[in-house]
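Ligands are counted one by one from 1 in listed order, and the atoms in each one are counted from 1 as well. We count residues from 1, following the sequence as given.
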Amino acid sequence: MKALEGVRILDMTHVQSGPTCTQLLAWFGADVLKVERPGVGDATRGQLRDIPDVDSLYFTMLNHNKRSITLNTKSDKGKEIFEGLLKACDVMVENFAPGALDRMGFSWERIQEINPRLIYASIKGFGPGPYEDCKVYENVAQCTGGSASTTGFVDGPPLVTGAQIGDSGTGLHLALGIVTALYHREKSGKGQRVHAAMQDGVLNLCRVKLRDQQRLQHGPLTEYSQHGQGIAFGEATPRAGNDSGGGQPGWILKCKGWENDPDAYVYFITQAAVWGNVCDVIGKPEWKEDPEYATPPARLDKIKQIFDTIEEWTMTKNKFEVMEICNPLNIPCGPILSMKEIAEEPSLRETGTVVEVDHPARGKYLSVGNPVKLSDSPSDVTRSPLLGEHTDEILMEILGFSSDEIAEAKTEGAVGDEMAQSKVAAE
Ligand code: COA
């Protein structure tokens, strides 16, 4: 039995942040009913398409293990169906622009009347305050949550990161909030409102940078390599380049082949406990006893020069050779893996972290499977639904509709008829 089997989720999410959350819950076994606009669907179905008229990888990779129903929640009949689904579900998740659900007529107060046990979970760009009404996408959250101002090199502009910490990061936070509210409902019998703001989610992931902001009031941040280079600190936590961010200095170093391969680099950490091993490996055994190098405080003002010397050694090896030599000596390091290398890595396929999925329209493609593994509830990744693929099934199974009632709802435009239409088009 899957961990969340028996939990039914009304999934009003779109784009990336919300779908990440509900996909995770679906992997854990929840029955996720994705509600989409008739004939249109989640905008990402059509965004960044690599194959004409086929659901994009953007959509398929964020909506596995779900069922799709198309429903016009702004029509009278659509609202009635939506109410029925709210009664039949444990959780409703949405990430519309602020106020959209209220405009549809479904405020939190109204939802509590319809189903007091329902958990109503939302992602918005901001919490209450000056920006609460703003629409927000990933990079806005990275910028307002403290990530961009602390990412990049000290002498360069702020940078956004490739990791989708605003969207997928907040989706993860929301999933935890939902499971927590479900656990609480076991005791209270009541649902509750769960809210995750993207700015807050990013800041939570940047908490060490707020730590450094406060440390700055008591003196320079000595572990930042700018300190060793004599660059003064300003009033705010600076960008730290590839500094490790912890107490153990680290940096990204070139490896053999870097001239032609943009990913021929390794992350190298000079952990204090294995400093002697580092000195031996790079051919500087004299640094072990030299008071200028022997202790972490003595090395602080020479971090750049030390990494330049280590790099002279790493440039004689490829990134995997560096890993093979350093790992047995407990020197923490990691090759910079390209997406191509990750896609082809057999160990990630074996653990189900990278999975191959078959889709009726696109054929086989790769996706990221569930990164969280439960010993008794393994996750099978099943393909994303076609638009409206389960409309009839959901109306019959969950709301007890007859074929005539379904036909009537379709005629009224309350629900879509995409599957029949695509069959006609195919013929
Ligand atoms: N039936 C009828 N109407 C529907 C519907 C359905 N099944 N599903 C959605 N709609 C309507 C909504 O009610 C809304 O109508 P309204 O503006 O008249 O109230 C409209 O479709 C569009 O919703 P909206 O959320 O405003 O979409 P958008 O494309 O303009 O904005 C975002 C997209 C992501 C910027 C915005 O949703 C947002 O800021 N979300 C919160 C933060 C977030 O999650 N951002 C990250 C996304 S990865």
Side-chain angles (χ1 to χ4, degrees), residues 10-24 33-48 56 58-59 61-63 66-86 92-107 110-111 120-128 131-145 160 163-175 177 194-202 385 387-388 390-391 394-395 409-410 412-418:
L10 192 52
D11 180 9
M12 303 289 288
T13 68
H14 65 156
V15 202
Q16 185 184 161
S17 63
T20 312
C21 164
T22 50
Q23 175 170 263
L24 201 54
L33 316 176
K34 184 167 174 102
V35 177
E36 298 180 80
R37 250 191 298 183
V40 183
D42 187 326
T44 58
R45 284 188 186 265
Q47 282 174 2
L48 311 177
S56 69
Y58 195 5
F59 177 84
M61 291 178 71
L62 285 162
N63 289 285
K66 303 180 184 177
R67 299 199 271 173
S68 166
I69 171 172
T70 52
L71 180 65
N72 179 1
T73 52
K74 285 184 175 163
S75 73
D76 288 343
K77 182 72 184 170
K79 281 190 210 295
E80 202 184 301
I81 293 173
F82 188 59
E83 268 200 48
L85 291 172
L86 284 171
M92 192 266 283
V93 193
E94 61 91 25
N95 68 309
F96 289 129
L101 223 71
D102 295 63
R103 287 195 288 279
M104 269 181 214
F106 295 97
S107 62
R110 176 79 193 106
I111 285 171
Y120 174 5
S122 302
I123 290 178
K124 298 289 168 248
F126 295 95
Y131 306 123
E132 64 187 312
D133 292 330
C134 297
K135 289 190 176 187
V136 167
Y137 283 106
E138 171 69 44
N139 288 345
V140 175
Q142 288 197 23
C143 292
T144 55
V160 294
Q164 304 287 282
I165 56 177
D167 281 339
S168 291
T170 310
L172 284 168
H173 282 100
L174 191 73
V194 181
H195 189 276
M198 293 167 71
Q199 180 185 39
D200 302 4
V202 171
L387 181 63
H390 307 97
T391 301
I394 290 170
L395 291 175
K410 285 182 181 172
E412 284 180 35
V415 298
D417 200 11
E418 295 80 9

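What sits closest to atom 16 (P) of ligand 1 on the protein, heavy atoms only, is Lys74 NZ, 3.5 Å. Protein heavy atom closest to atom 20 (C) of ligand 1, with residue, atom name and distance, is Arg37 NH2, 4.5 Å. Looking at atom 8 (N) of ligand 1, its nearest protein heavy atom turns out to be Phe96 CZ, 3.6 Å. Protein heavy atom closest to atom 34 (C) of ligand 1, with residue, atom name and distance, is Tyr137 CE2, 3.8 Å. In this structure, atom 30 (O) of ligand 1 lies nearest to the protein heavy atom Lys135 NZ, 2.4 Å.
Checked against a 3.5 angstrom limit, the closest N/O atoms of His14 and ligand 1 fall inside it. Of the polar atoms of Leu71, at least one N or O is found under 3.5 Å from an N or O of ligand 1, judged by distance alone. Distances between N or O atoms of Thr73 and those of ligand 1 include at least one value under 3.5 Å. Residue-to-ligand polar distances place Ala97 within reach of ligand 1: an N/O pair is separated by less than 3.5 Å.
At a threshold of 4.5 Å between non-hydrogen side-chain atoms, the residues Asn95 and Thr170 do not count as touching. Side-chain contact between Leu395 and Val415 is present, with at least one heavy-atom pair separated by less than 4.5 Å. Between Thr144 and Val136, every side-chain heavy-atom pair lies at or beyond the 4.5 Å cut-off. In this structure, Glu94 and Tyr120 have side chains that are in contact, with non-hydrogen atoms separated by less than 4.5 Å. Side-chain contact check for Lys124 versus Gln199: every heavy-atom pair is 4.5 Å or farther apart.
Between the side chain of Thr391 and the main chain of Thr70, a donor-acceptor pair closer than 3.5 Å is present. In this structure, Lys34 contributes its side chain and Thr13 its backbone to a donor-acceptor pair below 3.5 Å. When atom types are taken as modelled, the side chain of Lys79 and the backbone of Met104 share a donor-acceptor pair closer than 3.5 angstrom. Using a distance-only test at 3.5 Å, with no hydrogens or angles considered, no donor-acceptor pair links the side chain of Ser17 to the main chain of Asp167.
Only the side chain of Arg103 comes within 4.0 Å of ligand 1, judged by heavy-atom distances. At a 4.0 Å heavy-atom cut-off, ligand 1 touches Asn95 through backbone and side chain alike. In Leu101, neither the side chain nor the backbone holds a heavy atom less than 4.0 Å from any atom of ligand 1. The part of Met104 lying near ligand 1 is the side chain, judged by heavy-atom distances below 4.0 Å.
Ring planes of Phe82 and Phe106: perpendicular class, angle over 60° (limits at 30 and 60°).
Each of the atoms 46 (C), 47 (C), 48 (S) of ligand 1 lies under 4.0 Å from some heavy atom of Asp167. Of all the atoms in ligand 1, the ones that sit under 4.0 Å from a non-hydrogen atom of Gln16 are 48 (S). Close approach to Ile123 involves these atoms of ligand 1, each under 4.0 Å from a residue heavy atom: 41 (C), 44 (O). Annotation for ligand 1: atoms under 4.0 Å from non-hydrogen atoms of Val15 are 47 (C), 48 (S). Using a 4.0 Å cut-off to heavy atoms of Asn72, the atoms of ligand 1 that qualify are 1 (N), 2 (C).
Using a 4.0 Å cutoff on heavy atoms, Gly18 does not count as a contact of ligand 1. Residue Glu138 places every heavy atom at 4.0 Å or more from ligand 1.
Counting heavy atoms of neighbouring residues, nucleotides and ligands inside a 6.0 Å radius, atom OH of Tyr131 does not exceed 12 of them.
In summary, of the residues considered (Thr22, Val93, Val35), a side-chain contact (heavy atoms from CB on, under 4.5 Å) with Leu10 occurs for Val35 alone.
Taking all heavy atoms of Val35, Val136, Thr13 into account, the minimum distance to atom 39 (O) of ligand 1 is reached by Val136.
Judged by distance alone, the side chains of Glu138 and Gln16 never bring a donor and an acceptor atom under 3.5 Å apart.
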